[in-house]
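The structure appears right after this line, and notes come after that.
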Amino acid sequence: MARFHTEGLDDIIDDMAAMGESTGELADEMLFAGAEEVKKAWKTSIRMHKHIDTGAMLDSVDYSRKVKQIGDIKSVDIFPQGKDKKGTKNAQKAAILHHGTSNKPGTHFVDDADDIAGPIVETRLRDIFDNWLKKHGMR
């Protein structure tokens, strides 16, 4: 589906890379803090778009605790997990609602979730980074 990106994080990422901190504990802390905010935004967007029938998809939105890493890039997947009582994958329902079908246009609710999360994630990660800098006598 969508890949979360926001311009405001580029400066933080560049600063962390210059300090050799782009793959350590600080990066993991920031990654999971950001994932938590994106998870909340997904749920907000699902509610805004009224994509709740049984609530299975809404309740299943979560992120992987296993970090993927390619080079210096770390990521976690955030999406509805598991299946509903009928056996339908919640991620499949989300993809159909987001992209639409030939009979029903998509709502692009994941894009809205990313728009909601962007400023919140930027603020949260900036605070974490600033606190880390202060703790290490760099501010």
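Count residues from 1 along the sequence. Just so it is clear, the model here is predicted, and its values are computed rather than measured. For the numbers below, each heavy atom of this structure counts, side chains included, while hydrogens, waters and symmetry mates do not.
- Between the OG1 atom in Thr44 and the NZ atom in Lys39 there is a gap of 12.0 Å [rounded to 0.5 Å].
- Checked for salt-bridge contact, Asp53 and Lys50 miss the test: no charged N lies under 4.0 Å from a carboxylate O.
- By the 6.0 Å contact criterion, NZ on Lys74 is enclosed, its count of non-hydrogen atoms from other residues, nucleotides or ligands being greater than 12.
- Asp112 approaches His49 most closely through the heavy-atom pair OD2-NE2, 2.6 Å.
- Under the 4.5 Å side-chain criterion, counting only non-hydrogen atoms from C-beta, Ile116 is not in contact with Lys40.
- Lys104 is linked by a side chain to side chain donor-acceptor pair (under 3.5 Å) to nothing, counting only residues two or more places apart in sequence or in another chain.
- Taken together through direct or relayed side-chain contacts under 4.5 Å among Ile, Leu, Val, Met, Phe, Trp and Tyr, Leu58 and Met48 form parts of separate hydrophobic clusters.
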Can you check side-chain contact (heavy atoms from CB on, under 4.5 Å) on Phe129 and Asp15, steps first, answer last? CA-CA 10 Å; Phe129 189 53; Asp15 289 347; 3.9 Å; yes
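- Under the 4.5 Å side-chain heavy-atom criterion for Ile, Leu, Val, Met, Phe, Trp and Tyr, Ile73 and Leu26 are members of distinct hydrophobic clusters.
- Ser60 places a side-chain N or O within donor-acceptor distance of the main-chain N or O of Met57, the cut-off being under 3.5 Å.
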Going by atom type alone, with no hydrogens or angles, which donor-acceptor pairs under 3.5 Å involve a side-chain atom of residues 29-36 and a protein atom two or more places apart or on another chain?
unit_1	atom_1	unit_2	atom_2	d
Glu36	OE1	Tyr63	OH	3.0

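- Residue Ile13 is not grouped with residue Ile70 when hydrophobic side chains (ILVMFWY) are merged at heavy-atom distances under 4.5 angstrom, including chains of intermediate members.
- When side chains are defined from C-beta on, Trp42 counts as touching Val110, because their heavy atoms get closer than 4.5 Å.
- Of the possible polar contacts, one joining the His136 side chain to the Trp132 backbone as a donor-acceptor pair under 3.5 Å is found.
- With contacts defined as side-chain heavy-atom distances shorter than 4.5 Å, the pair Gln92/Lys83 does not qualify.
- Ion pair Lys93/Asp84 flagged as a salt bridge, since at least one NZ, NE, NH1 or NH2 atom sits closer than 4.0 Å to an Asp/Glu carboxylate oxygen.
- From Asp115, atom CG reaches atom CD1 of Ile120 across 11.0 Å, with rounding to the nearest 0.5 Å.
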Could you go step by step and tell me if His51 and Thr107 meet the side-chain hydrogen bond (donor to acceptor under 3.5 Å, both in side chains) rule? CA-CA 10 Å; His51 290 324; Thr107 64; 2.9 Å; yes
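- Within the model, atoms CD1 of Ile78 and CD of Glu37 stand 10.5 Å from one another, a figure rounded to the nearest 0.5 Å.
- Val76 and Lys66 get closest at one heavy-atom pair: CG1-O, 3.9 Å.
- Taking CD1 from Ile96 and OG1 from Thr88, the interatomic distance works out to 8.5 Å, rounded to the nearest 0.5 Å.
- The shortest non-hydrogen separation linking Pro80 to Asn90 is CB-CB, 3.6 Å.
- For the atom pair CD of Gln69 and CG of Asp28, the computed distance is 8.0 Å after rounding to the nearest 0.5 Å.
- Ile52 CD1: more than 12 foreign heavy atoms inside a 6.0 Å radius.
- Taking CZ of Phe109 as the reference point, atom CD1 of Ile46 lies at 5.0 Å (rounded to 0.5 Å).
- Salt-bridge formation is not detected for the pair Arg126/Asp11: no Lys NZ or Arg NE/NH1/NH2 atom is positioned less than 4.0 Å from an Asp or Glu carboxylate oxygen.
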